[in-house]
**Student:** 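Encoded as structure tokens, here's the structure I'll be asking about.
Chain letters run A, B, ... following the sequence lines, proteins first, then strands; residues in each count from 1.
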Number of protein chains: 2
Amino acid sequence: MFSQACKYAIRAVLYLAVHASEGKKAGVKEIAAALDVPKYFLAKILQQLSRNNLISSTKGPSGGFYLSGQNLEATLKEVVECIDGPDVFNSCILGLPVCSSENPCPLHVQAFAYREGLHYQLKHQAIGDLAKRIEREEQKI
Amino acid sequence: MFSQACKYAIRAVLYLAVHASEGKKAGVKEIAAALDVPKYFLAKILQQLSRNNLISSTKGPSGGFYLSGQNLEATLKEVVECIDGPDVFNSCILGLPVCSSENPCPLHVQAFAYREGLHYQLKHQAIGDLAKRIEREEQKI
DNA sequence: TTAATAAAAGATTTTTTTGTCTTTTATTAT
DNA sequence: ATAATAAAAGACAAAAAAATCTTTTATTAA
Ligand code: FES
Ligand code: FES
């Protein structure tokens with residue numbers, strides 16, 4: 001479903017939502033260590049998210065990454081599409097050129113139903129709200 | 001979700017189920033053309049399926065691939081796991097070391113439903129039965 | 001029994017993804 | 001101002017996945 005880069009991106013964004021803020025920025029080193037993820041690779045991913053205004057950053061001493069209020073209102077769908085491109089949620093699971101309920105492939109019904117379940121959550125739940133649930137339910141990242 | 005090779009494998013097996021039989025074998029060339037898939041790559045995939053007794057083949061003139069009665073009773077789950085390995089249906093969507101409902105990641109609930117719906121179909125529907133539905137509903141492969 | 005056929009096997013190549021290292025730029029605390 | 005810090009950017013390397021080509025083996029129809 002998601003590329004490795006995308007998995008790292010989601011986890012990093014959630015890490016920032018839970019552990020960082022404008023007053024308490026997190027550096028690549030910290031994030032990579034906390035998530036047990038390759039540091040330089042993560043740096044590239046964070047750069048891309050930053051360029052697309054999905055996360056915030058400042059350089060220099062006491063600099064690092066964090067989520068602004070606006071960033072917290074975005075969704076993981078945007079994060080996912082920033083890394084894996086715009087077709088993640090509407091491409092056929094068998095790789096056929098189009099995915100449609102009118103002209104479905106043999107796995108479409110199941111694939112579509114549950115893909116949409118995921119899509120719905122990622123599209124409608126703000127990152128900030130998701131972070132609250134993570135803290136409340138002590139979920140792992 | 002599935003690798004390219006796995007998508008080709010699923011489609012090729014369904015193609016065989018619908019269009020071939022012991023008396024009317026299909027060659028790599030025919031299958032590759034019908035599915036619009038790279039020929040040599042498909043050949044490799046068919047070899048692997050054949051080695052694992054998920055499809056049948058004979059060499060020489062009028063040889064080719066087909067599904068035996070036994071092959072038609074197998075499921076796509078076996079095909080998928082033959083190509084993509086045994087963890088396709090039980091690994092965390094975020095790549096965390098374990099996927100469990102007891103200690104779930106933030107996307108687990110939706111992701112698990114996604115996977116299980118698909119998993120259930122692939123696990124419980126025989127390839128032969130699936131082929132009948134494909135013909136009945138004129139689905140694309 | 002021989003020539004033609006088609007899969008099996010082996011070896012390579014290409015492309016994509018993942019991961020690493022170095023240099024540059026911006027920021028800040030001293 | 002200056003040195004230290006940390007992200008941004010660029011260039012590179014390694015690994016994995018996808019795709020191709022060649023040689024060998026088995027089969028069968030003539
Ligand atoms: S057509 Fe294949 S998943 Fe929708
Ligand atoms: S724990 Fe992540 S999908 Fe189950």
Side-chain angles (χ1 to χ4, degrees), chain A residues 1-13 16 20 22-33 35-68 71 80 82-85 87-88 94-95, chain B residues 1-12 16 20 22-33 35-68 71 80 82-85 87-88 95:
Chain A
M1 179 96 224
F2 301 137
S3 69
Q4 198 59 47
C6 188
K7 294 174 191 172
Y8 294 160
I10 294 172
R11 295 174 62 204
V13 166
L16 290 176
E22 180 146 19
K24 187 172 174 257
K25 290 156 197 160
V28 187
K29 206 174 154 190
E30 172 190 338
I31 308 172
L35 303 182
D36 190 23
V37 145
K39 183 171 58 173
Y40 294 120
F41 190 33
L42 180 63
K44 286 294 168 201
I45 297 165
L46 294 174
Q47 279 171 36
Q48 189 172 344
L49 293 173
S50 182
R51 257 183 267 118
N52 288 274
N53 301 308
L54 290 165
I55 68 179
S56 305
S57 69
T58 57
K59 295 183 179 182
S62 85
F65 297 93
Y66 66 99
L67 301 190
S68 68
N71 295 152
V80 167
C82 176
I83 303 294
D84 276 355
D87 293 332
V88 200
L94 295 184
Chain B
M1 177 96 223
F2 302 137
S3 69
Q4 200 57 50
C6 188
K7 292 173 190 172
Y8 294 160
I10 293 172
R11 294 174 63 204
L16 291 175
E22 180 145 19
K24 185 172 175 261
K25 290 156 197 161
V28 187
K29 207 174 153 190
E30 172 189 339
I31 307 172
L35 304 182
D36 192 25
V37 144
K39 182 169 62 171
Y40 293 121
F41 189 34
L42 180 62
K44 287 296 169 200
I45 296 165
L46 293 174
Q47 280 170 34
Q48 189 174 343
L49 293 172
S50 182
R51 258 184 266 117
N52 288 272
N53 302 309
L54 289 166
I55 67 179
S56 304
S57 71
T58 58
K59 294 184 180 181
S62 85
F65 297 93
Y66 65 99
L67 300 190
S68 68
N71 295 152
V80 167
C82 177
I83 303 294
D84 277 354
D87 293 332
V88 198

**Student:** Check side chain to side chain contact (heavy atoms under 4.5 Å, CB included) between A:Asn52 and all other residues, then give those that pass, not counting sequence neighbours.
**Tutor:**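 Only A:Gln48, A:Leu54, A:Cys82 meet the side chain to side chain contact (heavy atoms under 4.5 Å, CB included) criterion with A:Asn52.
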
**Student:** Considering only heavy atoms, which members of residues 45-54 of chain A lie under 4.0 Å from some atom of DNA chain D?
**Tutor:**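 Result for residues 45-54 of chain A: A:Gln47, A:Ser50, A:Arg51, sorted by number.
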
**Student:** Return the set of residues passing side chain to side chain donor-acceptor pair (under 3.5 Å) with A:Lys25 (not counting sequence neighbours), or none when no residue passes.
**Tutor:**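 Only A:Thr58 meet the side chain to side chain donor-acceptor pair (under 3.5 Å) criterion with A:Lys25.
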
**Student:** To check you understand the geometry: which heavy-atom pair defines the closest contact between A:Ala20 and A:Phe65, and what is its length?
**Tutor:**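 Closest approach of A:Ala20 to A:Phe65, heavy atoms only: CB-O, 3.9 Å.
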
**Student:** Polar-atom pairs under 3.5 Å, protein N or O versus N or O of nucleotides 28-30 of chain D: list them with distances, or write none.
**Tutor:**
residue, atom, partner, partner atom, Å
D:dA29, OP1, B:Ser62, OG, 3.4

**Student:** Going by side chain to side chain donor-acceptor pair (under 3.5 Å), name the residues that satisfy it together with A:Glu22, two or more places apart in sequence or in a different chain.
**Tutor:**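 Counting only residues at least two positions away or on another chain, A:Glu22 forms no side chain to side chain donor-acceptor pair (under 3.5 Å).
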
**Student:** Find the distance between CD (A:Gln47) and CD1 (A:Ile55) and round it off to the nearest 0.5 Å.
**Tutor:**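 Rounded to the nearest 0.5 Å, the CD-CD1 separation comes to 9.5 Å.
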
**Student:** Show your working on side chain to side chain contact (heavy atoms under 4.5 Å, CB included) between A:Ile83 and A:Leu49 and close with a plain yes or no.
**Tutor:** CA-CA 8 Å; A:Ile83 303 294; A:Leu49 293 173; 4.0 Å; yes

**Student:** Calculate the interatomic distance between A:Phe65 atom CZ and D:dT5 atom C1'; express it in whole Å.
**Tutor:**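 That distance rounds to 13 Å.
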
**Student:** Give me the distances for all protein-to-nucleotides 19-22 of chain D N/O pairs that come in under 3.5 Å?
**Tutor:**
residue, atom, partner, partner atom, Å
D:dA19, OP2, B:Tyr8, OH, 3.3

**Student:** Do A:Tyr8 and A:Leu35 come within less than 4.5 Å of each other through their side chains, counting heavy atoms only?
**Tutor:**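 A:Tyr8 does not reach A:Leu35 side chain to side chain.
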
**Student:** Atom CZ in B:Arg11, atom NZ in B:Lys7: separation rounded to 0.5 Å?
**Tutor:**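 Between atom CZ of B:Arg11 and atom NZ of B:Lys7 there are 10.0 Å.
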
**Student:** From CG of B:Asp84 over to P of D:dA16, roughly how many Å is that when rounded to an integer?
**Tutor:**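 After rounding, the reported distance stands at 15 Å.
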
**Student:** With a 4.5 Å limit on heavy-atom distance, are the side chains of A:Ile31 and A:Leu46 in contact?
**Tutor:**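 Yes, their side chains come closer than 4.5 Å.
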
**Student:** Rounded to whole Å, how long is the line connecting atom CD of A:Glu30 with atom C1' of D:dT5?
**Tutor:**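 Answer to the nearest Å: 15 Å.
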
**Student:** If you look at every heavy atom in B:Cys6 and B:Asp84, which pair is closest and at what distance?
**Tutor:**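 Looking at all heavy atoms of both residues, the closest pair is CB-OD2, 3.2 Å.
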
**Student:** Rounded to the nearest angstrom, tell me the gap between atom CZ in A:Phe2 and atom C1' in C:dT17.
**Tutor:**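 Nearest whole value for this atom pair: 17 Å.
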
